[in-house]
There are 2 protein chains.
Amino acid sequence: MIKTTTQENLIEIATQLFATKGFAAVSVRELTDAAHINVSAISYHFNGKEGLYQAVLKEQLAPILKALQFVKSKHTLSPIDRLTLYADQIARIHNQRPFLARFINSESITPTSFGGPVIETHLSQVYQFIQATLQEGIDHGEFQADLDVNYAAISLVGSLNFYFIAKPLIQKFIRLTNDDNAEYTAHAFRIYLHGILTQV
Amino acid sequence: MIKTTTQENLIEIATQLFATKGFAAVSVRELTDAAHINVSAISYHFNGKEGLYQAVLKEQLAPILKALQFVKSKHTLSPIDRLTLYADQIARIHNQRPFLARFINSESITPTSFGGPVIETHLSQVYQFIQATLQEGIDHGEFQADLDVNYAAISLVGSLNFYFIAKPLIQKFIRLTNDDNAEYTAHAFRIYLHGILTQV
DNA sequence: GTCTATATTGCGATAGAC
DNA sequence: GTCTATCGCAATATAGAC
């Protein structure tokens, strides 16, 4: 029997509900009913519904920058290997946090005053890393010289992450024989890499 | 001076507000204030807030199946040319309806009882077309034999559509010198196609 | 730290006058 | 077809007992 505090319990429940229904569509009563606690606990522990959402968001986003720092620290790797490592990390993070993509997606499209800036900072760093790595690969002659690094960076992020965003819907009409996230990202990245290489 | 009916005016305002804030976060008063009409007009004309949303959704989704039918009808085209034509259509549709990606995205992740099934039907057909075309290309020896058509279809849709979903956020930290949607999709599709071809 | 009870606000919908 | 006025309800938040 694992002991969990009221705070931890609330964050876990809130992560699921906010992710699947959206911030505005979840009421504090729905949250506290699901957590089998009293309504007033949210205000007491998190200073209101927004405070709880902020706590959830903070906890969800923690691994992103950490992974990016890890990949960046591998100076000795070639651009190809660094991008490959990044794709691996993406799969790993989504495995750990199945709801992360939904929060990022939701905040990207309808940013909240608190979550918006956080997401913006995170994604900005991700894009900068990808662009810089693509440019490095172009300069080294590994990637095609006429690549537009802006567009190509968006393509990569889209190709890798769209799967995790749309997964609930996709599973309704595509039979995914294997639910392994790493398998998808590996396949998508293979196509992408093959698409930007100068030679195969 | 263009004459617009109250219905048309409401749908236009509602398209913008629902797309940018989400269904649950928009109140009927906000809608009618923005449209400079009375609150009761929504119930009168659309039988309530949900009815208005349905009308917006229906109007937004109309071009998707039409475009798909058009591409499918080009029997004589090769798999490569049919996919290329499809990518062109995607750009064209998003040009016409700048908010479409947000509605599809929103309904994919947090489906409403009315919108969910509609989106599901639409996207299911898109995936089936892409999968079938990929398989045809594999059988003809144009595409790599070891492609997983399920994963590869998701990659393509993600690569092409993610840009339109995340555009509001991306524009905050990527300088897009040219706002032309067709330019992005062409570039993304070029990478993708190059990535799945057997020879270049 | 958790509860009950309640204050307050804003929601969607509609009856009825014009 | 459009308005005012209002109903009934559900939202978040909180004061105060335990």
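Reckoned from all heavy atoms, side chains included, excluding hydrogens, waters and symmetry mates. The structure presented is a predicted model; accordingly, all values stated were derived computationally and were not measured. Lettering of chains follows the sequences in order, A, B, ..., and the numbering in each one begins at 1.
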Atom-to-atom span, [atom1] of [X] to [atom2] of [N] - whole angstrom:
X	N	atom1	atom2	answer
A:His36	C:dG1	NE2	C1'	19 Å
A:Leu10	C:dG1	CG	P	13 Å
A:Ile42	C:dC3	CD1	P	12 Å
A:Glu30	D:dA10	CD	C1'	13 Å
B:Asn38	C:dG12	CG	C1'	13 Å
A:Leu31	C:dT2	CG	P	16 Å
A:Tyr44	D:dT14	OH	C1'	14 Å
A:Asn47	D:dA13	CG	P	8 Å

task = Scan A:Ile37 against the nucleic acid and name what it touches under 4.0 Å (heavy atoms): base, sugar-phosphate only, or nothing.
result =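 Contact class for A:Ile37: sugar-phosphate only.
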ask   = Between A:Thr133 and A:Phe143, what is the shortest heavy-atom contact and its length?
value =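 Heavy-atom minimum between the residues: O-CE1, 4.0 Å.
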message = Quick check: closest heavy atoms across A:Ala91 and A:Ala182, and the distance to 0.1 Å?
response =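 Looks like CB-CA, 3.7 Å.
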ask   = So, A:Glu107 side chain and A:Ile119 main chain: donor-acceptor pair closer than 3.5 Å or not?
value =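 Answer holds: no.
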message = Keeping A:Arg97 on the side-chain end and A:Glu59 on the backbone end, is there a donor-acceptor pair under 3.5 Å?
response =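 Side chain of A:Arg97 to backbone of A:Glu59, a donor-acceptor pair under 3.5 Å: yes, one is there.
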For [X] and [Y], does a side-chain donor sit closer than 3.5 Å to a side-chain acceptor?
X	Y	value
A:Ser78	A:Glu142	no
B:Asn161	B:His94	yes
A:Gln60	A:Arg102	no

Nucleotide nearest [X] (side chain, heavy atoms from C-beta), chosen from [options]:
X	options	value
A:Thr6	C:dT2, D:dA13, C:dA13	C:dT2
A:Ser40	D:dT14, D:dT2, C:dT14	D:dT14
B:Lys49	C:dG12, D:dT14, C:dT2	C:dG12

Distance-only donor-acceptor test (3.5 Å): side chain B:Arg29, base C:dG12 =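 Counting by modelled atom types and ignoring angles, a donor-acceptor contact under 3.5 Å is found here.
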query = Going by number, which of residues 20-27 of chain A have a non-hydrogen atom under 4.0 Å from DNA chain C?
reply =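 Those residues whose heavy atoms fall under 4.0 Å from DNA chain C, taken from residues 20-27 of chain A, amount to none.
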ask   = Which value, rounded to the nearest 0.5 Å, describes the distance between B:Ile154 atom CD1 and A:Ile170 atom CD1?
value =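 Result: 4.0 Å between the selected atoms.
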key: Ring centroid separation B:Tyr53 to B:Phe114 under 6.0 Å   =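 Distance test on ring centres: under 6.0 Å, yes.
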query = Looking at five pairs on each end of the helix from C:dG1-D:dC18 to C:dC18-D:dG1, what is the angle between the two axes, given to 10 degrees?
reply =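 Taking five pairs per end, the axes differ by 0°.
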